[in-house]
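These values consider heavy atoms only, across backbone and side chains, with no hydrogens, waters or symmetry-generated copies. Numbered from 1 within each chain, the chains take letters A, B, ... in sequence-line order.
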Number of protein chains: 2
Amino acid sequence: MPPPRATYRHGDLRAALLDAGLQLARAGGPDAVVLREATRRVGVSPNAAYRHFADRAALLAAVSDAAQGLAADSMKTALDALTAGGTAAEAARGRLHAVGSGYIAFAQHEPGLFRAAFTVPSDLSEAFSLAKAGRDGLTPFQLLAGVLDELVAAGEIGADRRLGLEFLAWSAVHGLAMLVIDGPLRGLTAELIDATRERLLDMVDSGL
Amino acid sequence: MPPPRATYRHGDLRAALLDAGLQLARAGGPDAVVLREATRRVGVSPNAAYRHFADRAALLAAVSDAAQGLAADSMKTALDALTAGGTAAEAARGRLHAVGSGYIAFAQHEPGLFRAAFTVPSDLSEAFSLAKAGRDGLTPFQLLAGVLDELVAAGEIGADRRLGLEFLAWSAVHGLAMLVIDGPLRGLTAELIDATRERLLDMVDSGL
DNA sequence: TCCAAGTTGTGAACACCGTCCACAATGCCG
DNA sequence: CGGCATTGTGGACGGTGTTCACAACTTGGA
């Protein structure tokens with residue numbers, strides 16, 4: 001129930017709606033981002049949204065992109081928490097581990113946003129879209145790809161095996177995230193989930 | 001627009017609604033299973049559904065269970081297509097590969113049903129529910145667990161490593177399925193997807 | 001400076017959805 | 001044969017996405 005606007009124009013309605021949409025997604029996943037509710041929270045009539053988004057789907061897509069940016073932030077945070085040290089190879093493996101951990105941590109701490117981020121259909125052509133990027137301008141996909149490149153540079157992975165490796169690592173980590181959020185792993189203790197995550201990341205690591 | 005029923009009672013409305021729900025899910029995923037449309041297809045008033053399902057959620061849950069049974073069928077089909085031969089260890093590895101392939105094949109051929117099957121929240125306590133079982137009475141989870149047991153019996157995996165192994169294999173395969181259906185791998189050529197699947201299954205195989 | 005044109009918000013309306021209530025038709029059991 | 005639980009119907013309510021016509025405001029050029 002925000003107070004009535006002073007001016008007739010809102011100022012930045014698009015951003016406000018996107019923000020409300022993110023709140024809704026955070027609380028209830030993609031299905032909870034309801035156009036009318038978003039406009040209600042912003043204190044504007046339902047139809048005003050149509051000046052900034054073609055559709056509910058368009059609003060949801062924008063929310064999804066923003067949520068992917070937040071996922072990228074979580075991955076980046078995990079990367080930044082690493083202490084430098086060891087050989088280049090060790091460092092690169094540590095960074096691969098961090099990227100995966102950050103991804104899963106995001107799913108655990110923001111399941112609604114995670115679902116909103118990765119349930120909306122998209123394809124490879126959008127994996128580099130700036131709209132999906134985090135604070136540092138990189139998308140989750142780009143962060144992963146960067147770490148894989150480091151592994152190649154460090155000689156841990158043959159350059160001939162590099163192509164498409166993103167999909168293997170992503171699959172494993174994404175799958176675990178889904179199973180933890182609303183699959184059979186839901187409700188398991190944090191310790192058990194942590195242990196499973198470590199084993200999974202080991203599997204990825206050894207399986208290249 | 002089915003012809004009006006001869007009898008006032010329908011006969012087996014619950015099964016008919018479930019079937020209509022499966023059709024809807026097949027065409028449009030979980031969001032497409034809308035209660036009113038299901039009753040419409042069956043030729044019954046919207047409220048009739050409430051005599052057999054508490055909720056739209058209950059109908060969707062039933063659809064999800066049935067879809068998991070179909071996934072189990074796809075996995076079982078892949079298993080049955082294997083030709084016996086080789087050592088016990090080789091056979092067990094082949095069966096692990098088949099289980100994963102069958103799972104991904106189901107996602108590719110029935111993306112709507114796949115989403116309906118695995119997007120609905122559930123937890124481990126339901127992983128053995130007979131409602132989710134396929135023709136042979138086994139759930140997808142049980143099929144996977146069985147193959148992992150074979151690997152242990154064949155000496156390919158140490159018994160001490162067995163616990164929770166389902167989650168590693170499942171994560172990888174489930175993640176790839178999701179990425180293929182509406183993730184960045186969407187729209188890739190079948191050859192590329194097949195190649196990625198093989199590499200992924202190799203990763204699982206070697207990563208135990 | 002003023003006014004025409006574009007932009008952005010409003011209000012009313014429509015169709016559709018899930019769900020609840022009261023009621024009717026039906027099958028079953030004593 | 002008669003009562004009763006079961007199963008389907010009809011009508012209604014509030015909520016949703018979306019469209020159309022219109023109003024308020026901003027802006028840029030004569």
Side-chain angles (χ1 to χ4, degrees), chain A residues 1-64 112 115-116 119-121, chain B residues 1-64 112 115-116 119-121:
Chain A
M1 245 60 68
R5 256 161 296 137
T7 70
Y8 178 79
R9 304 302 183 98
H10 177 280
D12 196 352
L13 183 52
R14 186 191 155 90
L17 287 173
L18 205 165
D19 204 73
L22 276 171
Q23 275 186 256
L24 292 172
R26 167 177 280 119
D31 290 347
V33 21
V34 162
L35 205 147
R36 284 180 108 108
E37 174 64 18
T39 60
R40 215 172 289 134
R41 296 194 177 197
V42 174
V44 96
S45 93
N47 298 340
Y50 289 88
R51 299 295 173 195
H52 302 275
F53 299 97
D55 254 336
R56 181 193 106 98
L59 171 59
L60 182 54
V63 169
S64 168
R115 270 198 296 261
T119 291
V120 175
Chain B
M1 244 56 69
R5 257 161 296 138
T7 69
Y8 178 80
R9 304 301 183 99
H10 178 280
D12 196 353
L13 183 51
R14 186 192 154 90
L17 287 173
L18 205 163
D19 203 74
L22 276 171
Q23 276 187 256
L24 292 172
R26 166 177 280 119
D31 290 348
V33 23
V34 9
L35 203 148
R36 285 180 108 107
E37 175 63 20
T39 60
R40 215 173 289 135
R41 297 195 177 196
V42 174
V44 96
S45 93
N47 297 339
Y50 288 89
R51 299 294 173 194
H52 303 273
F53 299 97
D55 256 334
R56 181 194 106 98
L59 171 59
L60 182 55
V63 169
S64 169
R115 269 198 296 262
T119 290
V120 175

### Task
Choose from dT9(D), dG17(D), dG9(C) the nucleotide whose nearest atom is closest to any side-chain atom of H10(A).
dG9(C)
#### Entry: Nucleotide dG8(D), atom P - distance to CZ of R40(B) in whole Å
18 Å
#### Entry: R9(A) CZ - dA23(D) P separation (whole Å)
16 Å
### For atom CG of L59(B) and atom P of dT19(C), their distance in whole Å
10 Å
### Message
From OH of Y50(B) over to C1' of dC13(D), roughly how many Å is that when rounded to an integer?
### Response
13 Å
### Task
Using atom CZ of F53(A) as one end and atom P of dT8(C) as the other, report the distance to the nearest whole Å.
13 Å
### Summary
Residues passing the salt bridge (Lys or Arg N to Asp or Glu O under 4.0 Å) test with R26(A), sequence neighbours excluded, are E110(A)
### Atom of A62(A), atom of L18(A) and distance for their closest heavy-atom approach
CB-CD1, 4.1 Å
### From H52(A) atom NE2 to L17(A) atom CG, the distance as rounded to the nearest 0.5 Å
7.0 Å
### Message
For a 4.5 angstrom cut-off between non-hydrogen side-chain atoms, does S45(A) reach T39(A)?
### Response
no
### Query
Has H52(A) got a side-chain N or O lying under 4.0 Å from the OP1 or OP2 atom of dT7(C)?
no
### Query
Picking from dG9(C), dT9(D), dT18(D), which would you name as closest to the side chain of D55(A)?
dT18(D)
### Summary
Comparing nearest nucleotides in DNA chain C, the 5'-proximal residue of the pair A57(B), R51(A) is R51(A)
#### Entry: Any Y8(B) side-chain nitrogen or oxygen under 4.0 Å from OP1 or OP2 of dG27(C)
no
### Contact check, side chains of R41(B) and L24(B), non-hydrogen atoms, under 4.5 Å
yes
#### Entry: Contact residues, residues 23-39 of chain B to DNA chain C [heavy atom, < 4.0 Å]
V34(B), L35(B), R36(B)
### Query
Taking atom P of dG17(D) as reference, at what distance in whole Å does atom CG of L60(A) sit?
11 Å
## Note on the structure
note: L13(A), atom CG; dT7(C), atom P; distance rounded to Å ~ 16 Å
### Task
Evaluate the side-chain proximity of Y50(A) to L35(A): yes if any heavy-atom separation is below 4.5 Å, no if none is.
yes
### Given dT26(C), dG9(C), dT18(D), the nucleotide with the shortest approach to the side chain of P46(A)
dT18(D)
### Query
dT7(C) P sits how many Å from D12(A) CG, rounded?
17 Å
#### Entry: Close side-chain approach of V42(A) and H10(A), heavy atoms under 4.5 Å
yes
